[in-house]
Asks: 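First the structure, then my questions, so here it is.
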Amino acid sequence: MENATERAVERVVTTMRDKLGEELTIDDMARVAMFSKFHFSRIFQRVTGVSPGRFLSALRLQQAKQLLTSTSFNVTEVSLRVGYSSVGTFSSRFTRSVGLSPTTYRRAGGFTPKLVVDNTVDTTGPAYGTVRGTAWADTDDHKLGLVFVGLFPGRIPEGRPVSCVVLDGPGDFVLDHVPAGQWFLLSHSVADDPDERMVAHPSAADHQTVFVGSKGPLTVEQDGALKGIDLELRLARSFDPPVLLDLRTSALNRLAQQEAA
């Protein structure tokens, strides 16, 4: 039954990818999955971790990243091609999720200048904690390179993490100065191949060469420490939420520091 459910969700995600520039309602998606829209919404969220609408929005922004770095379409044309009727709405959502405006992202060639944490979380007093664990992957077929681990308010890596680290590979991690609250621990591998590290638009990377991991929500208490978090990375599936944050920038910065040492 689980495989049948995942196949239904995968059909819907394929339809989303094929029709990013078109209006796609929850009723349309439910018909593709062959479920009632209420049942479809529940199973989609259970399988992917996010709502159908949120997933579709992330796919549209992911495609926009690729179009901005691989075509000459202006920002208005890009916004229309990924389903936005308002370029203002598109620009604000892109900036919030990716960390740069569409125009700045294009000028930067698809890389953000640096990856910074969100230090605007409203806390009072010693409202910070620590998260410790191990990121690992059970695979003999792929060699994982640098691994990003970060804490986010939602299940999609977008915007600024509240705390993050880039590891040389799978292994132990420590996230310090984590604001008290509930966060999702998200991980993403960066290819060990130097050519893949330098890809101009990482959103276009082949799903089958990317490893992802997630845990949460995790509750971090002020002055508290979460230890022994087991974070498994696995091959990304077609219905895993897209990675909107440019994680490879942080990885490249880490490589530059290592080479300069």
Side-chain angles (χ1 to χ4, degrees), residues 45-51 54 58 96-99 112-139 142-192 210-237 240-258 261:
Q45 178 123 8
R46 177 166 59 82
V47 170
T48 67
V50 297
S51 70
R54 186 69 195 85
R96 184 173 63 248
S97 295
V98 178
T112 54
K114 61 180 179 178
L115 181 62
V116 296
V117 299
D118 184 358
N119 57 10
T120 64
V121 178
D122 185 19
T123 58
T124 57
Y128 295 93
T130 302
V131 176
R132 298 172 179 266
T134 302
W136 62 280
D138 182 13
T139 176
H142 301 273
K143 181 182 178 183
L144 273 67
L146 302 179
V147 174
F148 170 92
V149 180
L151 289 166
F152 294 83
R155 294 181 182 273
I156 295 178
E158 63 179 342
R160 294 181 177 183
V162 295
S163 183
C164 65
V165 66
V166 176
L167 308 175
D168 293 330
D172 296 337
F173 62 85
V174 179
L175 297 173
D176 291 319
H177 208 63
V178 179
Q182 284 197 330
W183 310 106
F184 289 91
L185 184 66
L186 304 176
S187 182
H188 181 86
S189 70
V190 179
D192 196 50
V210 173
F211 278 72
V212 295
S214 64
K215 208 81 171 182
L218 303 177
T219 300
V220 177
E221 298 180 353
Q222 64 180 41
D223 292 331
L226 292 180
K227 301 179 181 179
I229 302 298
D230 182 55
L231 182 60
E232 180 182 7
L233 283 81
R234 53 166 174 71
L235 276 171
R237 302 162 299 187
D240 282 316
V243 177
L244 296 180
L245 185 65
D246 182 8
L247 306 181
R248 298 191 181 206
T249 295
S250 182
L252 288 168
N253 289 341
R254 176 68 173 273
L255 283 173
Q257 292 171 6
Q258 290 174 347

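These values consider heavy atoms only, across backbone and side chains, with no hydrogens, waters or symmetry-generated copies.
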Asks: Are there over 12 heavy-atom neighbours, none belonging to E221, within less than 6.0 Å of that residue's CD?
Replies: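 Incorrect, the count does not exceed 12.
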Asks: Can you tell me how far CZ of R234 sits from OG of S187, rounded to the nearest 0.5 angstrom?
Replies: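 If I round to the nearest 0.5 Å, the distance is 11.0 Å.
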Asks: Looking only at heavy atoms, which two atoms of L175 and V149 are closest? And how far apart?
Replies: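 Shortest heavy-atom contact: CD2-O, 3.9 Å.
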Asks: Of all the heavy-atom pairs spanning V212 and H188, show the shortest one and how long it is.
Replies: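 For V212 and H188, the tightest heavy-atom pair comes out as CG1-ND1, 3.9 Å.
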Asks: In Å, rounded to the nearest 0.5 Å, how long is the span from OG1 of T134 to CG of L231?
Replies: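 Answer rounded to 0.5 Å: 9.0 Å.
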Asks: How close do D176 and S163 get, counting heavy atoms only, and between which atoms?
Replies: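 What the structure gives for the nearest pair is O-OG, 3.1 Å.
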Asks: To the nearest 0.5 Å, tell me how far C164 SG sits from F148 CZ.
Replies: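 The distance works out to 4.5 Å.
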Asks: Give me the one residue out of V178, L226, L218 that meets side chain to side chain contact (heavy atoms under 4.5 Å, CB included) with W183.
Replies: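 Between W183 and the candidates, side chain to side chain contact (heavy atoms under 4.5 Å, CB included) is satisfied uniquely by V178.
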Asks: Atom CG of D240 and atom CZ of R155: how far apart are they, to the nearest 0.5 Å?
Replies: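 One finds 11.5 Å between CG of D240 and CZ of R155.
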Asks: Assess whether side chain to side chain contact (heavy atoms under 4.5 Å, CB included) is satisfied between Y128 and D223, documenting all intermediate values.
Replies: CA-CA 5 Å; Y128 295 93; D223 292 331; 5.9 Å; no
Asks: What is the minimum heavy-atom distance between L186 and G154, and which atoms define it?
Replies: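 Smallest heavy-atom distance, with atoms named: CD1-O, 3.7 Å.
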Asks: Report the residues that fulfil salt bridge (charged side-chain N to carboxylate O under 4.0 Å, His left out) with R54, sequence neighbours left out, ordered by chain and then residue number.
Replies: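 Testing R54 for salt bridge (charged side-chain N to carboxylate O under 4.0 Å, His left out), a comparison that skips the adjacent residues, returns E158.
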Asks: In chain order, what residues pass the side-chain contact (heavy atoms from CB on, under 4.5 Å) check against P170, with sequence neighbours excluded?
Replies: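 For P170, the residues satisfying side-chain contact (heavy atoms from CB on, under 4.5 Å) (neighbours in sequence not counted) are L144, V147.
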Asks: With rounding to the nearest 0.5 Å, note down the distance linking CD in E232 to CH2 in W136.
Replies: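 Between atom CD of E232 and atom CH2 of W136 there are 3.5 Å.
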Asks: Rounded to the nearest 0.5 Å, what separates atom CD1 in I229 from atom CG in D172?
Replies: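 If we round to the nearest 0.5 Å, I229:CD1 and D172:CG are 12.5 Å apart.
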Asks: Could you check D168 against L146 for side chain to side chain contact (heavy atoms under 4.5 Å, CB included), going step by step and ending with a plain yes or no?
Replies: CA-CA 5 Å; D168 293 330; L146 302 179; 4.2 Å; yes
Asks: Any non-hydrogen side-chain atom of P153 less than 4.5 Å from a side-chain atom of F184?
Replies: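 No. Closest side-chain heavy atoms not under 4.5 Å.
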Asks: Return the minimal non-hydrogen interatomic distance between I156 and P242, and the atom names on each side.
Replies: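 For I156 versus P242, the nearest heavy atoms are CG2-O, 3.4 Å.
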